[in-house]
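Worksheet: the structure to be examined is printed underneath.
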Amino acid sequence: MSHSADSDDLFAMPGMSRAAPKAGFPQHGLFAEVAYEIVHDELMLDGVSRMNLATFCSTWVDEQARKVMIESLDKNVVDKDEYPQTAELERRCVRMIADLWHCPDPAATQGTSTTGSSEAAMLGGLAAKFRWRQRGGTGTPNFVCGPVQVCWEKFARYFDVEIRQIPLRGDRLTMHPDDVAAYCDERTIMVVATFGQTFTGLFEDVAGISSTLDQLQETSGLDIPIHVDAASGGFLAPFTAPELVWDFRLPRVKSINASGHKTGLAPLGVGWAIWREAADLPAELIFDVDYLGGSVGTFNLNFSRPGGQAITQYYEFIRLGHIGYTRVQSAIYRAAGRLATGLREFGIFEMLHDGDPHRGITAVAWRLTGDPGFNLYDLSDRLRSRGWLIAAYPLPADREDETIMRAVIRHGFTVDMAELLLADFERCVKQLAQHPFSTPLTRQEAGGFTHTATAAVPNKKIDPA
Ligand SMILES: *Cc1c(COP(=O)(O)O)cnc(C)c1O
């Protein structure tokens, strides 16, 4: 370094005497350690990710996973010829997941890693659209679903497919099999069942929906496939509720997506899309790239993508195995169960999902009973002052009248942390009872930090404030 020893304290270095560049492209650079410290320190303002119970995504991995990620920093997953072993590890993951989800022939089917469940959902939806066209479908295609994650609204808008969302009724908080047939017609390319709903964490009844569609086929001749959005449930139920039939054991299920970076325990940036049989992925969607003197098919929305996430997913699979995943996921359900039990004891919360592994994902969702003098946005705001990020939001249509709160419990959240959180709940509830906010916070003021129901109105500018 060229600067002198008497000024070599990091915080006395040139560049530290002014604010970080923010708008125009900076003319001059900084010493690497100065630039690093500035970036590092600015990130102190972010929330603590492991206290962010609004996210579904991994916020803890072990040392070896970190090492594998660093060692894979330069691997581009699309360069199959240059990094054939990265491609091989990705393909092994596809076979392992196909096996986990009961594909008829896991070694022969099609599947791919993606950036997350959103890309995997787009691919599943596109394949359904192409298959429907191959069968002679014409006009504007549609798909039928319950309350879905925003990626399905994106799929509908980006790819010109009508979304037919079945509204909620009363205490039916998931898409009910009885309601499905009325929304289907000859232009329905698929029914999307959510296995682990974003809003409540509850599983939709995929087997029930499948048998409704069997009956519909008998009476009308319509043969409508199912895509399962198992973003979170796909890496839970196989381990902790294996008797639940939601996957390729149902012949009508043609494709499934899941987020490796959620309950798959891989770091951020990986999802999976798997088809029942190779023939369920139309050939028009496949592009060939070079691979060890031959070629291999790819079908992703992006070209270059980091390879480390799929590599680390493989590490997690062989590190934990079926038994290890079962132990890890059971431990997370235990922490969720402890939180639900503790919340019930307050006497003011009713559980919509109490973390039962047979009913939903590793999450707890609740509503207020009666009027304790504050609402869930107030409570969310109060908890935030202790660092906990827990989302409060209205249910989707037609139950927007109901406000709920949801905590997603993940790898790295312990029973001890559940106790600490419950102690903070008690503190916050007491404080709110003694000192209610003068005006109740609205959803926007409370931050509305949920990614569940934030699809903007078409062409509406998002207010930067
Ligand atoms: C999180 C989630 C998605 C989107 O997944 P990403 O991996 O964040 O792209 C889609 N569907 C459901 C049900 C989800 O929970």
Side-chain angles (χ1 to χ4, degrees), residues 49 52-59 93 97 101 111-126 143 145-158 163 165-166 168 173-175 190-206 209 226-237 246-247 253 255-274 300-302 305-306 309-310 312-313 332 336 353 359-365 391 393 395-396 404 406-411 449-455:
S49 64
N52 175 11
L53 305 188
T55 186
F56 291 74
C57 293
S58 292
T59 48
C93 285
I97 299 168
W101 295 342
T112 182
S113 70
T114 58
T115 310
S117 270
S118 300
E119 185 193 359
M122 311 272 161
L123 296 175
L126 283 170
F143 70 98
C145 59
V148 278
Q149 208 265 356
V150 68
C151 72
W152 291 105
E153 291 171 47
K154 261 193 189 175
F155 167 72
R157 205 179 298 169
Y158 289 3
I163 177 168
Q165 257 180 304
I166 304 175
L168 299 179
L173 299 183
T174 54
M175 169 167 60
M190 63 180 166
V191 171
V192 174
T194 306
F195 197 63
Q197 232 188 34
T198 320
F199 302 91
T200 54
L202 293 169
F203 291 144
E204 286 188 332
D205 176 7
V206 189
I209 293 161
I226 294 175
H227 173 94
V228 183
D229 178 355
S232 299
F235 292 111
L236 291 171
W246 62 276
D247 55 13
V253 173
S255 49
I256 302 175
N257 70 269
S259 297
H261 58 211
K262 290 184 177 175
T263 53
L265 311 181
L268 264 173
V270 67
W272 299 94
I274 309 281
N300 288 94
L301 298 183
N302 223 72
R305 269 186 306 129
Q309 282 82 346
T312 309
Q313 181 80 82
I332 303 170
H353 173 41
R359 290 192 63 223
I361 64 167
T362 45
V364 181
Y393 46 86
L395 282 175
I404 71 165
R406 179 205 64 205
V408 182
I409 308 303
R410 303 181 309 274
H411 197 195
F449 57 98
T450 165
H451 53 278
T452 50
T454 49

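Ligands are counted one by one from 1 in listed order, and the atoms in each one are counted from 1 as well.
Polar contact with ligand 1: absent for T194 (N/O pair, distance under 3.5 Å). Among the atoms of S259, some N or O lies under 3.5 angstrom from an N or O of ligand 1. Of the polar atoms of W152, none of the N or O atoms is found under 3.5 Å from an N or O of ligand 1, judged by distance alone.
Side chain of T55 to main chain of C57: a donor-acceptor pair is present (N/O by atom type, distance under 3.5 Å, no hydrogens or angles).
Proximity of K262 to ligand 1, defined as any heavy-atom pair under 4.0 Å, is confined to the side chain (atoms from C-beta onward). At a heavy-atom cutoff of 4.0 Å, ligand 1 is contacted by both the backbone and the side chain of S117.
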Original post:
Would W152 and H227 count as a ring pair (Phe, Tyr, Trp, His ring centres under 6.0 Å) if you check the C-alpha gap in whole Å, the side-chain angles of each, and the deciding distance to 0.1 Å?
Top reply: CA-CA 11 Å; W152 291 105; H227 173 94; 5.2 Å; yes
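Within the structure, the closest approach of H261 to ligand 1 falls below 4.0 Å when heavy atoms are considered. Under a 4.0 Å heavy-atom criterion, G271 is not in contact with ligand 1. Within the structure, ligand 1 has C151 among the residues with a heavy atom less than 4.0 angstrom away.
Looking only at atom types and distance, the side chain of S113 has a donor-acceptor partner in the side chain of R305 under 3.5 Å away. No side-chain donor-acceptor contact under 3.5 Å links N302 and E119.
When V228, T198, D229, V150 are ranked by how near their heavy atoms come to atom 11 (N) of ligand 1, first place goes to D229.
P306 is linked by a side-chain contact (heavy atoms from CB on, under 4.5 Å) to Q309, counting only residues two or more places apart in sequence or in another chain. Residues satisfying the side-chain contact (heavy atoms from CB on, under 4.5 Å) criterion with A231, sequence neighbours excluded, are S117, D229, N257, S259, K262.
Remark: ligand 1 atoms within the under-4.0 Å shell around heavy atoms of G196 are 13 (C). Close approach of ligand 1 to G116 is summarised as follows: ligand atoms under 4.0 Å from at least one heavy atom of the residue are 7 (O), 9 (O).
A heavy-atom distance below 4.5 Å is found between the side chains of L202 and R359.
Ring geometry for W101 against W246 counts as perpendicular: the plane angle is over 60°, on a 0 to 90° scale with 30° as the lower cut.
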